[in-house]
Trainee: 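This is the structure, below, for whatever I ask next.
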Amino acid sequence: MKKKQFRILILLLLPLFFGCSSNKNVKTADSESNYTGKYRPQFHFSPQKGWMNDPNGMVYYQGEYHLFYQYYPDSTVWGPMHWGHAISKDLVHWENLPIALYPDSLGLIFSGSAVVDWKNTTGFGSAENPPLVAIFTYHNMDREKSGRVDVENQGIAYSIDKGRTWTKYEKNPVLLNPGSRDFRDPHVFWHEGTQKWNLILSAHDKVKIYSSGNLKDWQPESEFGSDAGAHGGVWECPDLFPLKVNGGDQTKWVMIVNMNPGGPNGGSGTQYFVGGYDGHEFTAASKETSWLDYGRDNYAGVCWSDVPKEDGRRLFLGWMSNWNYANVVPTDVWRSAMTIPRELKLEEANGKYQVASVPVSELNQLQDQASKITFAEEQISGEKKLDTKDINLNQCELALNLEIGESAADSLGLILENSLGEWVKIGYSGKSKQFFIDRTKSGNMSFSDRFTGIDYAPYRIGNQVQLHLYIDAASVELFVDEGKLVMTDLFFSSENFNALKIFSSGGSVLLQKVEIVRLKRIW
Ligand code: FRU
């Protein structure tokens, strides 16, 4: 081998010895590069290394779901934001791609969206090869330090090679700050009725809507929110889209508004409104807040753009953490995962609208059918441990149907426990008419005094209730009655759970169906 070739070989091999990271401050254990370290989710998306927060730029194009995300590659705490990038053909298995957008002289790259510019309104591509256009917030640290208000402005970038490489528009920014310190997270969509692009973004305690013919020149349309919804924190990451009512012919518009702090159980939370929208203005059917998820660990979630009409689903993904403690959760090498992808459905009953979330059906391919355990019907009062054989309860899907009967129990549900006496309790209190997830004894909580506690969600159960859970390393996602109620919560047990108990106190409950199945890993 020639000297030069040898030098190149050594350069190529170096990362293998020093943890394949070009980043100075990020430790990369060998096990982590293969997604097998402690607390590493096995079927949720998480970055191979470094810090991640909000999902960004989610768009479907030519058979690929793109997922961009707020990313800081050089550390496991929040820092100068880039857009990380991954793609999936099935919403389940992900391929990591190189960073799509780097900070530049205009600022850091904060959250935003992406669309397929089918009609090439930007002129960045052609009719035959429409460009993908990303719309994001430039957050300027120099302006922030000097106390200026116009810290956040919106920029665009495009790709004409299926999202593999991105070019920033040379005339950025395209939407200037009108005088609001918080002016960020643009979400763009094509409005059929007016044949215009619409953009919704958050402006401190409300959202603003703009329109454009070319994604470059934006006209203000309207505002929403000063007199509606929850205002315990700053409004962030909005989305606005139509959904069919009860799957029928009637359509209503749903506006998602993330907010931090002030969520239903503290810290970050996602509220939504249902109403009408004409391409100019949103009118809410009710100004009261509804919460998309009552757990503490689903934030900044928005939906995929350009999902084909034949598919017709509105697909949602959230960041599975909370700003109350996101920077200090006990993971090494990487920090934060996304939720499982969910389909949003709009339900109407007695004039009240509700958005339900259900796990996407693509997840079913992960079920290891041979591992499935079912149990015979049984009346439970007190506590009953189920024989879950050797299923890893930290990587499974669980479906339970319970019949409450006449003697409504005070409290019923399930407990996941390990041999160290750590547990997570998930259930319903008949007295307070609330679902709850109790993680007060769930293991490691020393990293933040804001992590422990019980999350509550108001709910009226009927005679029967269905619980559907996804458990993955350090997270549980609970879907009640086809997603009418959702709770997403993290926990950091010192070792895996090895016991599943069903409990019913102050009355009995009929355990109609229990199904437990191991889920295969996606990496
Ligand atoms: C939400 C958020 C966004 C912002 C981004 C910065 O979690 O605060 O409003 O664009 O994170 O990383």
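One is the number of the first residue; the rest follow in order along the sequence. Keep in mind that this is a model prediction, so the values were computed, not measured. One-based numbering, in listed order, for ligands and for the atoms of each. Keep in mind that the numbers below use all heavy atoms, side chains included, and drop hydrogens, waters and symmetry copies.
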Trainee: For the pair F273 and F282, name the ring-plane relationship: parallel under 30°, tilted 30 to 60°, perpendicular over 60°.
Mentor: perpendicular
Trainee: Check step by step if ring-ring contact (aromatic ring centres under 6.0 Å, His included) holds for F451 and F492.
Mentor: CA-CA 10 Å; F451 183 79; F492 297 94; 5.7 Å; yes
Trainee: Is the distance between the ring centroids of F136 and F68 under 6.0 Å?
Mentor: no
Trainee: Look at the rings of W523 and F45 and say which category their plane angle falls in: under 30° parallel, 30 to 60° tilted, over 60° perpendicular.
Mentor: tilted
Trainee: If we count only N and O atoms by modelled type, under 3.5 Å, do the side chains of W94 and N96 hold a donor and an acceptor together?
Mentor: no
Trainee: Which protein residues have a heavy atom under 4.0 Å from ligand 1?
Mentor: N53, D54, Q70, W78, M81, F110, S111, R184, D185, E236, Y299, W323
Trainee: Any luck finding a side-chain donor-acceptor pair between W323 and N53 under 3.5 Å?
Mentor: no
